[in-house]
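Residue indices begin at 1 and follow the sequence shown. Keep in mind that the numbers below use all heavy atoms, side chains included, and drop hydrogens, waters and symmetry copies.
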Amino acid sequence: MPAPPPDFAPPPKGLFGRIAESRNWLGVLFMLPAAAFLIFFLTYPLGLGVWLGFTDTKIGRPGMFVGLENYRWLFDDPVFWLAVFNTLFYTVFASIAKFGLGLWLALLLNRHLPFKNFFRAIILLPWVVPTVLSAMAFWWIFDSQFSIISWMLMNLGIIDRPINFLGDPWNARWSVIAANIWRGIPFVAISLLAGLQTIPQSLNEAAAIDGATPWQRFTKVTLPLLTPIIAVVMTFSVLFTLTDFQLIYVLTRGGPVNATHLMATLSFQRAIPGGQLGEGAAIAVAMIPFLLAAILFSFFGLQRRKWQQGND
């Protein structure tokens, strides 16, 4: 009786064969293009900016390493501290107003209203219109001589002369905040509306049966379940506001007398028109702690979501 044939042993697999059968390595392989894109367009510019902040580089001339000299100089620069104040003032007031008005619009659009889809589309217009175009429109609205707001108030007899919206420091601050609010409300409203759509209606109905008032249903049911969405949405809103550049640059270019200079616009002014690349990079790097604070706000909001779900 013939002996059985020996067991067939497959040939050893090469490196690419093992990678193809490993889901972990295959996932890493598919992520490499995106990782290369992020490294080239995000990590490299960030690293270069941090390095330039420690040098005295100027446009057309390579710099030398000067350590913390740029930051020591900024610490004694009153214009820089004015830009820090303007940035925080602009971000806080604009973000609070966008959240309040955006939440109100989201709750309104979440109701059963006629032409609801039409209004949802209309409310997106300020967000989809290019920022420069919006800024130019507001530039005409706030014109010192031909402002439509001044014209209406004068015809109503409320004022007797045009308002200098962009020529007075505090008027200019409130004017750019109003423009930012108008542009940012749609993002907050639509995002919170999407979050409201995920809340089961049965929870509100059960609370109403138990005798809860509309305010109690909002504070005890809707708001706690919406908190994670609020944390993420407001994080992005604060980041967009904190790093705003186009709106300010088109409307005021930081004026009058630096009253509307944000850290982003001051960094650009010192680095490009002023030629001080090292100093401009140092101002940009000084924004990182504020950006990290906004990201931590989102992190703690997501942690609260885990607590609500009963996870440790």
Side-chain angles (χ1 to χ4, degrees), residues 41-98 166-177 179-180 184 234-300:
F41 288 101
L42 293 179
T43 307
Y44 172 73
L46 177 61
L48 180 61
V50 172
W51 166 251
L52 288 175
F54 293 107
T55 67
D56 60 352
T57 305
K58 294 179 173 58
I59 292 181
R61 179 181 71 79
M64 299 177 58
F65 181 80
V66 294
L68 298 175
E69 188 64 30
N70 287 325
Y71 298 95
R72 282 194 289 265
W73 190 87
L74 289 177
F75 189 80
D76 298 327
D77 183 8
V79 177
F80 168 74
W81 288 113
L82 179 61
V84 173
F85 167 77
N86 292 335
T87 302
L88 297 178
F89 183 84
Y90 180 79
T91 302
V92 169
F93 280 92
S95 299
I96 291 175
K98 284 187 287 188
L166 302 179
D168 178 80
W170 278 104
N171 286 347
R173 288 189 179 104
W174 290 113
S175 297
V176 295
I177 287 174
N180 181 271
M234 290 311 299
T235 298
F236 281 103
S237 178
V238 169
L239 291 177
F240 294 153
T241 309
L242 189 70
T243 58
D244 197 1
F245 172 82
Q246 298 179 65
L247 194 65
I248 301 295
Y249 193 75
V250 174
L251 276 175
T252 65
R253 294 182 183 267
V257 291
N258 301 315
T260 58
H261 251 319
L262 305 185
M263 295 177 73
T265 57
L266 183 64
S267 173
F268 172 81
Q269 185 192 63
R270 297 282 176 86
I272 306 304
Q276 304 288 336
L277 290 178
E279 184 182 333
I283 298 174
V285 172
M287 298 175 61
I288 293 179
F290 301 102
L291 300 176
L292 290 178
I295 295 172
L296 289 176
F297 175 78
S298 173
F299 173 78
F300 286 116

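- When side chains are defined from C-beta on, Leu247 does not count as touching Val176, because their heavy atoms never get closer than 4.5 Å.
- Enclosure of atom CZ in Phe85 by more than 12 non-hydrogen atoms of other residues, nucleotides or ligands within 6.0 angstrom is indicated.
- Atoms CD and CD1, on Gln276 and Ile59 in that order, are 9.0 Å from each other to the nearest 0.5 Å.
- In plain terms, the two heavy atoms of Gly280 and Ala271 that are nearest each other are CA-CB, 3.9 Å.
- Looking at every heavy atom in both residues, Leu251 comes nearest to Leu166 through O-CD1, 3.9 Å.
- For Arg173 (side chain) and Ala259 (main-chain N/O), a donor-acceptor pair under 3.5 Å exists by modelled atom type.
- Here the straight-line distance linking atom OH of Tyr90 with atom OG of Ser95 works out to 9.0 Å at 0.5 Å rounding.
- Residue Thr87 is tested with Leu262, Thr243, Thr241 for a side-chain contact (heavy atoms from CB on, under 4.5 Å); the sole match is Leu262.
- Looking at every heavy atom in both residues, Pro45 comes nearest to Phe41 through CG-O, 3.3 Å.
- Annotation: side chain of Gln269 is not in contact with side chain of Val79 (no heavy-atom distance under 4.5 Å).
- When all heavy atoms of Asp244 and Thr265 are compared, the pair lying nearest together is O-CG2, 4.5 Å.
- Between Leu42 and Leu46, every side-chain heavy-atom pair lies at or beyond the 4.5 Å cut-off.
- The local environment of CZ in Phe236 is sparse, with at most 12 non-hydrogen atoms from other residues, nucleotides or ligands closer than 6.0 Å.
- Aromatic ring orientation, Phe54 versus Tyr71: tilted (interplanar angle from 30° to 60°).
- The closest donor-acceptor contact from the side chain of Asn86 to the backbone of Asn258 lies under 3.5 Å.
- Between Phe93 and Phe89, the angle of the ring planes lies from 30° to 60°, which puts this pair in the tilted group.
- Taking the side chain as every heavy atom from C-beta outward, Arg61 and Asp56 approach each other to under 4.5 Å.
- With sequence neighbours excluded, the residues forming a side chain to side chain contact (heavy atoms under 4.5 Å, CB included) with Trp81 are Phe75, Val84, listed by chain and number.
- The two residues Leu239 and Ala294 come nearest to each other via the heavy atoms CD2-CB, 3.8 Å.
- Side-chain atoms of Arg270 and Asp77, non-hydrogen and from C-beta on, do get closer than 4.5 Å to each other.
- Thr260 contributes atom OG1, which lies 5.5 Å from atom CD1 of Ile248 (distance to the nearest 0.5 angstrom).
- The shortest distance between side-chain heavy atoms of Asn180 and Lys98 falls below 4.5 Å.
- Counting all heavy atoms, side chain and backbone alike, Ala281 lies closest to Leu52 at CB-CB, 3.7 Å.
- In this structure, CE on Met287 lies 8.5 Å from CZ on Phe290, to the nearest 0.5 angstrom.
- Considering Leu266, Thr57, Thr55, Leu74 as possible partners of Glu279, the one that fulfils the side-chain contact (heavy atoms from CB on, under 4.5 Å) test is Leu74.
- To the nearest 0.5 Å, atoms CG (Leu296) and OG1 (Thr235) are separated by 9.5 Å.
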